[in-house]
Amino acid sequence: MRKTLVVLTLFGLALVPAALAHVEPSPEKVPANSTSKITLSAEGEESVPAVKLTVQMPTGVTDVVADPTTGWKQSVNGRIVTWSGGKIPNGAEGKFAFTAHFPNQSGRVLVFPALVTYQDGKVVHWIGAESSDTPAPRVTLTAASGQATPPPPSTTT
């Protein structure tokens with residue numbers, strides 16, 4: 001019985017997909033109704049380097065300014081921010097920052113669909129649900145600066 005359990009456990013582990021690199025935001029929480037800086041980390045995960053990162057800003061995110069990243073060109077076209085021309089080799093990480101004004105909607109989770117393009121033309125779509133293999137970056141809006149957190153409901157009877 002123990003031998004069967006070990007074999008089944010090993011077989012189950014063999015079926016688990018390899019961990020995928022993600023496009024990760026930092027910080028993951030910013031104050032509502034604030035101008036804040038978000039840094040996106042993208043890892044090269046293919047045998048050829050990543051050469052472009054494209055991110056769509058959610059509705060309500062305004063005044064977007066893409067920060068320069070050494071070796072990359074940045075552009076903002078409407079709600080689309082792109083960094084291109086550089087290279088992120090396999091296993092390396094690229095950091096891409098932008099500053100924007102975030103809406104006054106405390107508790108809202110903002111989704112930033114992202115595409116990573118590789119030198120061979122392959123595009124990885126980081127646009128999925130949080131539980132998917134290709135989750136889009138997400139940022140949660142916290143209480144606006146200076147805004148009091150509502151008190152918990154009274155439990156007295």
Side-chain angles (χ1 to χ4, degrees), residues 10 12-150:
L10 291 174
L13 291 176
L15 294 178
V16 175
L20 296 172
H22 295 77
V23 177
E24 298 284 341
S26 179
E28 293 180 359
K29 295 181 181 184
V30 298
N33 197 31
S34 71
T35 297
S36 298
K37 183 176 190 170
I38 301 290
T39 300
L40 299 170
S41 298
E43 183 179 343
E45 59 181 14
E46 300 291 325
S47 60
V48 296
V51 295
K52 182 163 84 171
L53 173 65
T54 305
V55 181
Q56 181 178 336
M57 297 292 119
T59 303
V61 174
T62 59
D63 304 323
V64 178
V65 176
D67 291 358
T69 299
T70 304
W72 296 77
K73 295 175 190 166
Q74 70 278 354
S75 67
V76 178
N77 185 4
R79 292 178 38 213
I80 305 296
V81 179
T82 303
W83 290 269
S84 62
K87 292 184 179 180
I88 306 171
N90 186 353
E93 188 175 66
K95 302 272 186 181
F96 305 90
F98 66 91
T99 302
H101 185 78
F102 291 85
N104 191 12
Q105 296 174 315
S106 181
R108 180 176 168 195
V109 176
L110 301 173
V111 178
F112 296 82
L115 306 177
V116 176
T117 304
Y118 288 87
Q119 194 168 37
D120 63 1
K122 179 178 180 178
V123 179
V124 178
H125 299 250
W126 296 102
I127 61 174
E130 198 167 13
S131 61
S132 74
D133 287 341
T134 55
R138 286 168 166 67
V139 173
T140 302
L141 298 178
T142 61
S145 298
Q147 184 179 23
T149 303

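Small disclaimer: the values here were computed from a predicted structure and weren't measured. Index from 1, following the sequence.
Looking at every heavy atom in both residues, P25 comes nearest to P137 through CD-CB, 3.9 Å. Pairing each heavy atom of F112 with each of M57, the nearest pair is CE2-SD, 3.8 Å. Considering all non-hydrogen atoms of both residues, A66 and V81 come closest at CB-CG1, 3.7 Å. Contact between V116 and A50 at its shortest, heavy atoms only, is CG1-CB, 3.7 Å. Looking at every heavy atom in both residues, T140 comes nearest to G107 through CG2-O, 4.4 Å. For the pair V51 and W72, the tightest heavy-atom approach, listed with the atom from each and the gap, is O-CZ3, 3.3 Å.
Under the side-chain hydrogen bond (donor to acceptor under 3.5 Å, both in side chains) criterion, H125 pairs with no residue at all, not counting sequence neighbours. In this structure, the side chain to side chain contact (heavy atoms under 4.5 Å, CB included) partners of S132, at least two apart in sequence or on a different chain, are T134, P135. Every side chain to side chain contact (heavy atoms under 4.5 Å, CB included) that V111 has, sequence neighbours left out, goes to P113, A136, R138. The salt bridge (Lys or Arg N to Asp or Glu O under 4.0 Å) check on K37 picks up D67, with sequence neighbours excluded.
The side-chain heavy atoms of D63 and T35, taken from C-beta on, include no pair separated by under 4.5 Å. Counting heavy atoms from C-beta outward, V65 and V76 have side chains that stay 4.5 Å or more apart. Side-chain contact check for H101 versus N33: some heavy-atom pair is nearer than 4.5 Å. The side-chain heavy atoms of Q74 and T69, taken from C-beta on, include no pair separated by under 4.5 Å. The closest side-chain heavy-atom distance from V109 to V139 is not below 4.5 Å.
Judged as a salt bridge (charged side-chain N to carboxylate O under 4.0 Å, His left out), not a single pair has a partner in residues 77-87 (not counting sequence neighbours).
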Residue pair W126, L115: steps toward the side-chain contact (heavy atoms from CB on, under 4.5 Å) verdict: CA-CA 6 Å; W126 296 102; L115 306 177; over 6 Å; no

Going through the checks in order, is the side-chain hydrogen bond (donor to acceptor under 3.5 Å, both in side chains) test met by T82 and S84? CA-CA 6 Å; T82 303; S84 62; over 6 Å; no

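For the atom pair L141 CG and L110 CG, the distance stands at 4.5 Å (nearest 0.5 Å).
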Counting only pairs under 3.5 Å, give me each side-chain donor-acceptor contact of residues 88-100, with atom names and distances, residues two or more places apart or in other chains.
| unit_1 | atom_1 | unit_2 | atom_2 | d |
| --- | --- | --- | --- | --- |
| N90 | ND2 | E46 | O | 3.3 |
| E93 | OE1 | K95 | NZ | 3.4 |
| K95 | NZ | S41 | OG | 3.0 |

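A donor-acceptor contact shorter than 3.5 Å is absent between the side chain of Y118 and the backbone of V124.
Applying the 6.0 Å contact sphere to CG of N77 captures no more than 12 heavy atoms from other residues, nucleotides or ligands.
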